[in-house]
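Since the structure is predicted, the reported quantities are computational estimates derived from the model, not experimental observations. Order of the sequence lines fixes the chain letters, A, B, ..., with proteins taken first and strands second; residue numbering starts at 1 for each chain.
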Number of protein chains: 2
Amino acid sequence: MAYRETEKMRQRKAEARKRIVNCTYQCVAEGGFRSARVTRIAGLAGVATGTIYRHFESREDLFAEIFRLATQREVDKVAEALASAGNGAERLERALRQFAERALKGPQMAWSLIAEPVDPKVEEERLAYRKAYANLFEKAIREGIEEGCIPDQDARQSSTCLVGAIAESLVGPLSPTQTSQGNSATQDNNDPLVNSIIRFCMQGLTGTRR
Amino acid sequence: MAYRETEKMRQRKAEARKRIVNCTYQCVAEGGFRSARVTRIAGLAGVATGTIYRHFESREDLFAEIFRLATQREVDKVAEALASAGNGAERLERALRQFAERALKGPQMAWSLIAEPVDPKVEEERLAYRKAYANLFEKAIREGIEEGCIPDQDARQSSTCLVGAIAESLVGPLSPTQTSQGNSATQDNNDPLVNSIIRFCMQGLTGTRR
DNA sequence: GTAAATAGTGAATCATTATTCATTCTTTGT
DNA sequence: ACAAAGAATGAATAATGATTCACTATTTAC
């Protein structure tokens, strides 16, 4: 008959958690997972190191959550592009462009999501993330096949190839040793890198030169 | 006027070094880089831990060398396939098949080379390795373009996409959590996975359905 | 055989951070 | 105001394995 968790407390805790998440996100966006120290995160969030562990089982779990979060944003954007107007092929093209352009705009985070060496739990999230893209693409490919704008093919396999082709094409340009920041001025639709990635992908999909 | 390195000694050292390399290779082929312990390697090679360090600056350097070695074998095989008879498109197809089939035959090593999280120096080797493939493919694509069996395109970009598409397609099947060993009986030319990867790739290249 | 030089050894050290937990501080209900 | 419960703290700990280095053994040249 004394202390019982009250709404106020619940909120305060939720805020602290959110702060931790945000600061971790920031650290990762700055220097990737590997260099994000629990101590620094705690410092930024204005809590003690130990407090992190009242909210997350472990550093890895925290990272996994951050990965999921960052990932979800990207996947949502691609899903959005795929939900727009037009036939399957057109929508896929828009989605691929979205993916690539967003990555080039936030290169450090994109690199961390796509290629940074990470611990097993986070790597698992990465597999899920790639699968999520592949699933989205797969659906669109199937639709394209039904509509007749994409020839019949193993939609699952093709979607995996799309993910691989685009990710690989980005690894070089994104890798921290290469990146000198300045790519943020990327004009939409104009990056020749993005254009040639997309050409290959669409050709692989449709078997049609353009 | 006493000891001077003699041929006999040079050989003995070379042998020890080779033994270390071989044992490391074996460890990696069994459990990947991450789980390969310097102590165990030394034990297998029949030398003291410290001896490793008379031959290699650090564990990372040792690993980098093993990576280079393993990689060279694979790259050579692909180069060989690309040097065979036929037009560019045919040779590329053979090369892609070679790549995929060999990977499926030695899944743990292939996974380590393609997707295992590794330290920076080794990651650098991985970038070089992927670039080596891309270079080979690029050359073949250019030849194909000249021969007229592949339409004009950005050969460099296409080669990168090829590497990505094939690597991504293999990550799932290769990943240690998925692999239950048994794929070694892969009959040549018959694995449907390999076939559909290749179909996508060749289509992306030639813009021609088959 | 001897001394100089190098090679080999492996137990002890080191370095790095994530994680813990005894303690202090806050909140709550009476 | 008090006690019960929980939350927060952060200095101390722990765990892990790579790396070192003082020492021993071996090789060579004379």
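Side-chain nitrogen and oxygen atoms of B:K8 include at least one within less than 4.0 Å of the OP1 or OP2 phosphate oxygen of D:dT28. One finds a side-chain N or O of B:T51 lying less than 4.0 angstrom from the OP1 or OP2 phosphate oxygen of C:dT9. Contact between the side-chain N/O atoms of B:R37 and the OP1/OP2 oxygens of D:dA18 is found at a separation under 4.0 Å. Checking the phosphate oxygens (OP1, OP2) of C:dT6, no side-chain nitrogen or oxygen of B:R54 falls inside 4.0 Å. Distances shown here put a side-chain N or O of B:R59 below 4.0 Å from the OP1 or OP2 atom of D:dA18.
As a whole-Å value, the separation of B:E5 CD from D:dT27 P is 13 Å. Distance, A:I52 CD1 to D:dA8 C1': 12 Å, rounded to whole Å. Atom CD in A:E15 sits about 16 Å away from atom C1' in D:dA8, given to the nearest Å. As a whole-Å value, the separation of A:R10 CZ from D:dA7 P is 11 Å. Whole-Å rounding puts the B:R12 CZ to C:dT6 C1' distance at 12 Å. Counting to the nearest Å, the C1' atom of D:dA18 and the CZ atom of B:F33 are 17 Å from each other. In this structure, the CE atom of A:M9 is 11 Å from the C1' atom of C:dC25, given to the nearest Å. Put simply, CD1 on A:I41 is 11 Å from P on C:dT19, counting in whole angstrom units.
Residues A:E57 and B:K13 each lie close to DNA chain C; by heavy-atom proximity, the contact nearer the 5' end of the strand is made by B:K13. With DNA chain D read from its 5' end, the first of the two nearest nucleotides for A:G50 and B:T39 is the one closest to A:G50. When each of B:S58 and B:T6 is assigned the nucleotide of DNA chain D bearing its nearest heavy atom, the one mapping closer to the 5' terminus is B:S58.
Checked against the 6.0 Å centroid threshold, B:F56 and B:F63 do not count as a close aromatic pair.
Between B:F67 and B:Y129, the ring-plane angle classifies as perpendicular under the 30° and 60° cut-offs.
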In sequence, state the C-alpha distance, the side-chain angles, and the governing distance for A:E80 and A:S84, and then conclude on side-chain hydrogen bond (donor to acceptor under 3.5 Å, both in side chains).
CA-CA 7 Å; A:E80 201 179 287; A:S84 63; over 6 Å; no
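Taking CD of B:E65 as the start and CD of B:E125 as the end, the distance is 9.5 Å to the nearest 0.5 Å.
Among the nucleotides D:dA29, C:dG10, D:dT9, the one closest to the side chain of B:R4 is D:dA29.
The environment of CD in A:E57 is sparse: at most 12 heavy-atom neighbours from other residues, nucleotides or ligands sit within 6.0 Å.
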